[in-house]
J.: 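One structure, as structure tokens, below. Some questions next.
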Number of protein chains: 2
Amino acid sequence: MKLLFDHIEQYYPLSAAAREALAENFEELVLAKGKFLITEGRVCKQLYFLQQGALRGYITVDGKEVTNWFGFEEHFITSFHSFITQQPSVENIQLLEGCILWRISKEQLTRLFDAHHEIERLVRIIYERYYIRLEERYVNAQLRTATERYAHLIEETPHILERVPLGQISSYLGISAETLSRIRSRF
Amino acid sequence: MKLLFDHIEQYYPLSAAAREALAENFEELVLAKGKFLITEGRVCKQLYFLQQGALRGYITVDGKEVTNWFGFEEHFITSFHSFITQQPSVENIQLLEGCILWRISKEQLTRLFDAHHEIERLVRIIYERYYIRLEERYVNAQLRTATERYAHLIEETPHILERVPLGQISSYLGISAETLSRIRSRF
DNA sequence: AAAGCTTTTTGATAATTGTCAAAAAAAGGG
DNA sequence: CCCTTTTTTTGACAATTATCAAAAAGCTTT
């Protein structure tokens, strides 16, 4: 739980009262590799903070899995579309390793927004940051070649190769497994 | 200004007091085609609401302009990265037509957040919605072929062809102008 | 260590898209 | 309305990536 508050601190420093309220509403969760936080068709009612481990979000297209993102330690995780709209998720979130997580439900979070303006501010700021990160990823995907995107991913997430199978990395990069293999073979 | 409040209403209904506070802080702005809301290198201090007209955001890469987004009536517009971080913008926002806009500065908005919890909530909700829209665009860009992306754009924004030159549309789609021309020639 | 399964690599070929150059079409200015 | 400039289209060719098929390498389980 300390890690969660350290992480939050980076965005917006909360008062002791707000921290306490959060602490009362977050629940620890330990899950094994391969488990799912959310599967498509179900409504995602939880926001997660990933304390330790790795996971990925993917969608199913023509029977194939397309990985949209990877999540590693110290990030907030959810199926954002489903969590925000409370409509069935199109996305699956699967653990790539055993994970330690903290979770809070949308109802609890909404109550905290009413009770503590500063918690809503914190979340507003987190959305701002997540928005511009997504924007960067979007520009990166559109502008760079597959080779550059791969190099960028390795640079940004050096240990990803040890934690994620190549087939998932290739679908994240928007290329076939064969193409990724060939890119890697010529460094 | 009515349009602005109608738009806001879709996200979160404000009290009369909050609406009044917003009305006092938004300023009308009428600009001619070709003008810029923000140019790269400058810090973006304003959030805009586009009441009428069309504009685009683009970055410069190797001397070429790459259009990242188009903005049409009834959307909030800014160089989000710069507005959020208050660092120099990498993005240019240029008017494709004469526009009617409303603007509010980051300082004013921040003051309103302190004074009216519900205004911060409104903005939090707007960020949520903008986040998932960006997510959709990202998945769309990664998953669809250029032809499908073009068809999708036309379907989503039918009048775009009359309002935006093809060269800008092609760079938005992440393809060359020649490729777009060939896609269009075979419907 | 062998068998069975999954993941990754390699080869051959096809489809898609980019680049360069030039022509055609459209838009803008006097 | 003509001239200039910009935008769009067309052609030829090269580069990139996808697809299909099969081999190789890596894991797991027995």
Side-chain angles (χ1 to χ4, degrees), chain A residues 32-35 54-56 58-67 70 92 94-98 139-154 159-187, chain B residues 32-36 53-56 58-67 70 92 94-98 139-154 159-187:
Chain A
K33 178 175 174 170
K35 297 269 182 196
L55 36 75
R56 66 169 181 138
Y58 71 87
I59 58 176
T60 315
V61 182
D62 307 329
K64 275 181 236 157
E65 296 177 357
V66 178
T67 299
F70 297 108
N92 306 274
Q94 185 182 30
L95 305 218
L96 297 170
E97 305 170 350
V139 172
N140 196 45
Q142 189 125 100
L143 231 57
R144 308 290 167 201
T145 65
T147 306
E148 289 170 327
R149 295 204 299 280
Y150 174 72
H152 185 254
L153 177 67
I154 298 304
H159 297 295
I160 196 168
L161 291 174
E162 293 124 54
R163 303 177 79 176
V164 182
L166 290 172
Q168 290 175 18
I169 293 178
S170 70
S171 85
Y172 171 78
L173 293 172
I175 56 179
S176 67
E178 294 93 330
T179 297
L180 177 59
S181 173
R182 289 180 178 113
I183 286 171
R184 280 163 50 77
S185 76
R186 50 176 194 264
F187 314 107
Chain B
K33 177 174 174 173
K35 297 268 182 198
F36 289 86
L55 37 74
R56 67 170 181 137
Y58 71 88
I59 58 176
T60 314
V61 183
D62 306 329
K64 275 181 235 157
E65 296 177 359
V66 178
T67 299
F70 297 109
N92 306 275
Q94 184 182 31
L95 305 218
L96 298 170
E97 306 170 351
V139 172
N140 196 45
Q142 189 126 102
L143 231 58
R144 309 291 167 200
T145 65
T147 306
E148 289 170 325
R149 294 204 300 280
Y150 174 71
H152 186 254
L153 177 66
I154 298 303
H159 297 295
I160 196 168
L161 292 174
E162 293 125 53
R163 302 178 79 177
V164 182
L166 290 171
Q168 290 175 19
I169 293 178
S170 70
S171 86
Y172 172 77
L173 293 171
I175 56 179
S176 67
E178 294 92 331
T179 298
L180 178 58
S181 173
R182 289 183 176 109
I183 286 172
R184 281 164 50 78
S185 76
R186 49 176 196 265
F187 314 107

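Note: hydrogens, waters and symmetry copies are ignored here, and every other heavy atom, side chains too, is used. Only a predicted model underlies this, so the values are computations on that prediction, with no experimental measurement involved.
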J.: Can you tell me the distance, in whole Å, between the CD atom of A:Glu65 and the C1' atom of C:dT6?
T.: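 Those two atoms, CD and C1', are 13 Å apart.
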J.: Taking the side chain as everything from C-beta on, heavy atoms only, tell me whether A:Leu173 gets closer than 4.5 Å to A:Ile183.
T.: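 No, every pair of side-chain atoms sits at 4.5 Å or beyond.
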J.: Could you tell me which non-hydrogen atom of B:Tyr172 sits nearest to which non-hydrogen atom of A:Gln142, and how far apart they are?
T.: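 Taking B:Tyr172 first and A:Gln142 second, the nearest heavy atoms are O-OE1, 2.9 Å.
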J.: Check the distance between C:dG18's C1' and A:Leu143's CG and give it to me in whole angstrom.
T.: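 Rounding to the nearest Å, CG of A:Leu143 and C1' of C:dG18 are 15 Å apart.
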J.: Taking the side chain of A:Pro165 as its heavy atoms from C-beta onward, which of C:dT7, D:dT10, C:dT9 lies nearest to it?
T.: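 Nucleotide nearest to A:Pro165's side chain: C:dT7.
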J.: Take nucleotides 12-20 of chain D nucleotide by nucleotide from the 5' end and write B, S or -, depending on whether a protein heavy atom sits under 4.0 Å from the base, only from the sugar-phosphate, or from neither.
T.: B----SSBB
J.: Do you know the tightest heavy-atom contact between B:Arg144 and B:Arg149?
T.: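 Shortest heavy-atom separation between B:Arg144 and B:Arg149 comes out as O-NH1, 2.9 Å.
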J.: Without decimals, in angstroms, what is the distance between A:Leu166 CG and D:dG26 P?
T.: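 In whole Å, D:dG26 P lies 12 Å from A:Leu166 CG.
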J.: Quick check: closest heavy atoms across B:Tyr150 and B:Leu180, and the distance to 0.1 Å?
T.: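 Between these two residues, the closest heavy atoms are CD1-CD1, 3.5 Å.
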J.: Nearest-Å distance, CG (B:Asp62) to P (C:dT19)?
T.: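 From B:Asp62 CG to C:dT19 P: 10 Å.
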J.: Taking all atoms of both residues into account, what is the closest heavy-atom pair of B:Gly167 and B:Ser170, and its distance?
T.: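 Shortest heavy-atom contact: O-OG, 2.9 Å.
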J.: Using whole Å, report how far CZ of B:Arg184 lies from C1' of D:dT10.
T.: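 Distance check: B:Arg184 CZ to D:dT10 C1' gives 14 Å.
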J.: Which pair of non-hydrogen atoms, one from B:Thr67 and one from B:Tyr58, has the smallest distance, and what is that distance?
T.: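 The pair with the smallest heavy-atom distance is CA-CB, 3.7 Å.
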J.: Closest approach of B:Asn92 and B:Ile59, non-hydrogen atoms and distance?
T.: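 It is ND2-CA, 4.4 Å.
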J.: Answer whether the closest heavy-atom distance between the side chains of A:Leu143 and A:Glu148 falls below 4.5 Å.
T.: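 No, every pair of side-chain atoms sits at 4.5 Å or beyond.
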J.: Starting at atom OH of B:Tyr150, determine the distance to atom C1' of D:dT8, rounded to an integer number of angstrom.
T.: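 So the OH-C1' distance, B:Tyr150 to D:dT8, works out to 12 Å.
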J.: Hey, what bend do you get for the helix from C:dA1-D:dT30 to C:dG30-D:dC1 if you fit axes on five pairs at each end, rounded to 10°?
T.: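 End axes: 50° apart.
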J.: Give a yes or no on whether the backbone of A:Pro165 and the side-chain of A:Gln168 come within a donor-acceptor separation of less than 3.5 Å.
T.: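 Flag not set: sc A:Gln168 to bb A:Pro165 has no pair under 3.5 Å.
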J.: What is the distance, to the nearest angstrom, from the CD1 atom on B:Ile169 to the C1' atom on D:dT7?
T.: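 Going from B:Ile169 (CD1) to D:dT7 (C1'), I get 12 Å.
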